[in-house]
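Accompanying notes for the structure given below.
In the text below, chain A, chain B and the rest are named by the order of the sequence lines, each starting its count at 1.
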There are 2 protein chains.
Amino acid sequence: MKKNISLILMGVGGVGRQLLQHIVSCRSLHAKQGIHLRVVGVSDSKSLVVASDAFTMELGDTFLMEVCRVKSDGASLSTISGCGESKVFTNSESTKKIIDVAAFLGKSTGLALVDCSASSETIPVLTQAVDLDCCIVMANKKPLTSTMEDYDKLISYPRRIRHESTVGAGLPVIASLNRILSSGDPVHRIIGSLSGTLGYVMSEVEDGKPLSQVVQSAKNLGYTEPDPRDDLSGMDVARKALILARLLGRCINLDDIKIESLYPEEMAPSVMSIEDFLGTGILSLDKDIQERVSKASLNGNVLRYVCVIDASRCQVGIQELPKDSPLGRLRGSDNVLEIYTRCYNDQPLVIQGAGAGNDTTAAGVLADIIDIQDLFP
Amino acid sequence: MKKNISLILMGVGGVGRQLLQHIVSCRSLHAKQGIHLRVVGVSDSKSLVVASDAFTMELGDTFLMEVCRVKSDGASLSTISGCGESKVFTNSESTKKIIDVAAFLGKSTGLALVDCSASSETIPVLTQAVDLDCCIVMANKKPLTSTMEDYDKLISYPRRIRHESTVGAGLPVIASLNRILSSGDPVHRIIGSLSGTLGYVMSEVEDGKPLSQVVQSAKNLGYTEPDPRDDLSGMDVARKALILARLLGRCINLDDIKIESLYPEEMAPSVMSIEDFLGTGILSLDKDIQERVSKASLNGNVLRYVCVIDASRCQVGIQELPKDSPLGRLRGSDNVLEIYTRCYNDQPLVIQGAGAGNDTTAAGVLADIIDIQDLFP
């Protein structure tokens with residue numbers, strides 16, 4: 001007997017688009033496993049397309065591939081002509097429409113809301129869907145790093161939520177931590193390098209290159225956000241740290257995390273243009289970083305931009321670490337997480353691998369969707 | 001609403017006993033998660049104790065702790081007096097009784113058979129239970145490394161089987177591979193060091209110590225089986241490799257795996273006593289290993305006892321590997337697995353940590369049990 005997993009996908013940019021491609025290319029694999037992923041709606045920031053009768057109809061693969069084509073051209077969903085048996089809604093109507101479908105499917109054949117956007121605007125629809133017995137799968141970090149009230153609401157039915165790709169893309173970080181937690185093995189400490197960009201930057205400055213030059217190269221290689229300060233601020237790593245800390249049961253907010261930014265406030269985007277930052281501002285930071293690298297080196301250590309979570313701390317920033325440790329040996333843009341528990345006491349459980357990229361992030365989302373299949377009738 | 005997960009535990013030696021302790025000590029944690037683990041039966045190689053009415057009654061925590069006490073003294077379950085409202089069956093009656101309970105609970109409130117034994121004798125009861133809608137959780141490698149016929153039978157309902165602790169104790173190896181497979185990310189190659197004992201042995205001989213001395217130390221430290229040849233034969237690693245290869249879809253048997261034994265046939269347990277092997281036999285192997293270590297070292301490499309699974313190979317034995325790779329850097333008794341896929345192509349997904357020990361193995365089994373909770377009503 002085939003099991004249908006109905007989905008609405010919010011966010012069809014990079015990760016969401018890749019997810020649609022994975023879903024279509026895995027059709028025969030999933031059929032062998034007795035599963036069919038039924039995409040009944042997709043949305044971007046401007047519009048929502050929903051099958052005209054979400055109970056009996058789904059968006060066909062030809063249409064989903066057209067969505068991928070349009071989005072890879074950078075256009076809006078609303079520009080797709082010939083949606084066939086589906087309806088298009090504007091952004092202002094979309095929350096209500098998604099909730100309509102959720103109310104309809106959530107308690108009958110089941111529905112998973114899949115959030116591959118990077119927006120806080122999905123929070124209201126996600127929290128409402130939870131009450132309608134829907135499942136939630138997220139690559140979007142914003143909902144889980146909002147207020148504790150939103151967080152508690154989202155995780156009110158822990159079995160119905162998955163969010164592997166909010167921390168290390170497809171790396172099995174959340175899945176592994178959940179296994180550890182459910183077996184009663186207390187987590188004493190987590191330390192990790194969770195930014196491919198900052199991992200690359202720190203291993204390059206270790207080789208003696210000036211920070212300014214490394215950041216410019218990283219930008220040229222497409223490793224950074226359009227404004228590299230979005231990476232250098234540490235805010236993205238802090239969100240990941242917050243998600244991990246809350247998973248461990250810590251009731252804290254983003255404000256409670258000590259975050260070390262790699263640039264001073266007077267070079268913040270609100271004060272200085274990207275051009276000025278990359279052209280002059282960052283040059284004045286080279287010397288300080290190089291001195292810190294040299295000082296660490298004298299102790300046989302290296303600098304890494306890490307998150308540290310233990311009983312007393314949740315902080316992100318540069319730490320001096322032994323050259324000969326999993327984190328110290330890290331080169332390039334891989335992520336590494338060391339987890340210390342009762343079972344992994346002297347030597348941590350280490351998970352390492354690519355922690356960014358649309359392909360692996362979307363693969364993590366897809367694995368999460370398959371993982372909730374037993375909740376569908 | 002509380003969800004009851006009913007269990008029969010087969011094998012209450014080291015891992016099984018530890019599992020019972022974990023179950024009892026996690027009572028309040030699981031209650032918070034709305035789960036209750038209901039142990040309705042336990043067995044060792046000689047007897048089975050089952051709650052007298054498995055539908056309404058369970059074995060109480062006081063009794064389970066008494067089981068742990070008796071087993072840690074090395075005694076048999078049958079020596080427990082005062083089983084209260086439970087019944088004791090001899091080994092010859094136990095399969096029939098377990099199937100009775102499975103037929104009764106499997107299709108109603110659900111039942112998981114948990115196999116923490118190290119015996120092939122559980123295969124008939126496991127395969128029958130699968131047809132009775134039961135779930136199966138295994139730390140025992142034997143059933144999954146039996147014939148392909150048994151294997152196919154056991155995995156006929158893949159969602160109802162978990163066996164994390166058959167490969168890397170509690171390390172999230174199977175869980176991670178299942179995520180990769182369900183997201184359609186093809187696994188190109190797996191290479192790993194899956195024996196804590198052989199990991200220790202290979203890193204010690206690398207330091208110049210004679211094999212004979214290292215094996216004796218490992219035995220004294222309690223790292224080896226009573227007869228160290230059980231580790232040195234590579235058979236345990238081959239079973240783990242077979243489980244991984246079959247998970248990847250390879251229809252092969254133990255016979256199809258190329259296994260390098262660290263001792264020659266003329267020193268096999270059927271030919272030579274343990275005393276003769278450790279006293280004289282193994283001394284004659286020191287020179288050859290030391291020469292291989294030196295030769296590898298000249299190439300900047302080290303020797304590791306690994307399993308390699310790719311499109312054309314499934315083999316276990318000594319390989320020369322770069323000193324500066326996750327496997328080459330491995331020291332002591334940690335396990336490491338490198339998984340190469342489309343998403344983890346240049347750099348593998350690496351999972352590393354303690355891969356042996358009753359505590360972590362039982363934690364892996366417990367995480368598996370919690371993971372199947374959605375299949376219980």
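Side-chain atoms of B/Arg179 come within 3.5 Å of backbone atoms of A/Gly364 as a donor-acceptor pair (strictly under, hydrogens ignored). B/His30 places a side-chain N or O within 3.5 Å of a backbone atom of A/Ser182 that can act as its donor or acceptor partner.
Neither the backbone nor the side chain of B/Pro158 comes within contact range of chain A; no heavy atoms are under 4.5 Å apart. Interface residue B/Leu171: backbone and side-chain heavy atoms are both found under 4.5 Å from chain A. Proximity to chain A (any heavy atom under 4.5 Å) is shown, for B/Asp368, by both the backbone and the side chain. With a 4.5 Å cut-off on non-hydrogen atoms, B/Leu29 touches chain A through its side chain but not through its backbone. Contacts between B/Ala175 and chain A at a heavy-atom distance below 4.5 Å involve the side chain alone, from C-beta outward. Both the backbone and the side chain of B/Asp359 have a heavy atom closer than 4.5 Å to some heavy atom of chain A.
One distance of note links CD1 of B/Ile351 with OG of A/Ser176; it measures 6.5 Å at 0.5 Å rounding. Atom CG of A/Asp374 is separated from atom CG of B/Leu375 by 4.0 Å, given to the nearest 0.5 angstrom. In this structure, the separation between CZ on B/Arg159 and CD1 on A/Ile370 is 8.5 Å, given to the nearest 0.5 Å. Here B/Ile180 contributes atom CD1 and A/Thr360 contributes atom OG1; the two are 8.5 Å apart, rounded to the nearest 0.5 Å. Atom CG in B/Asn178 sits 9.5 Å away from atom CG in A/Asp371 (nearest 0.5 Å).
Between A/Ala363 and B/Ser183, the closest heavy-atom pair is O-CB, 3.2 Å.
Side-chain contact between A/Leu349 and B/Pro172: present, with at least one pair of heavy atoms (C-beta onward) separated by less than 4.5 Å.
No other option in A/Gln33, A/Glu338, A/Glu164, A/Gln373 has as many heavy-atom pairs under 4.5 Å with chain B as A/Gln373. No other option in B/Ala354, B/Ser25, B/Gly184, B/Gly353 has as many heavy-atom pairs under 4.5 Å with chain A as B/Ala354. Counting heavy-atom pairs under 4.5 Å between each of A/Val350, A/Ile23, A/Ile35 and chain B puts A/Val350 at the top.
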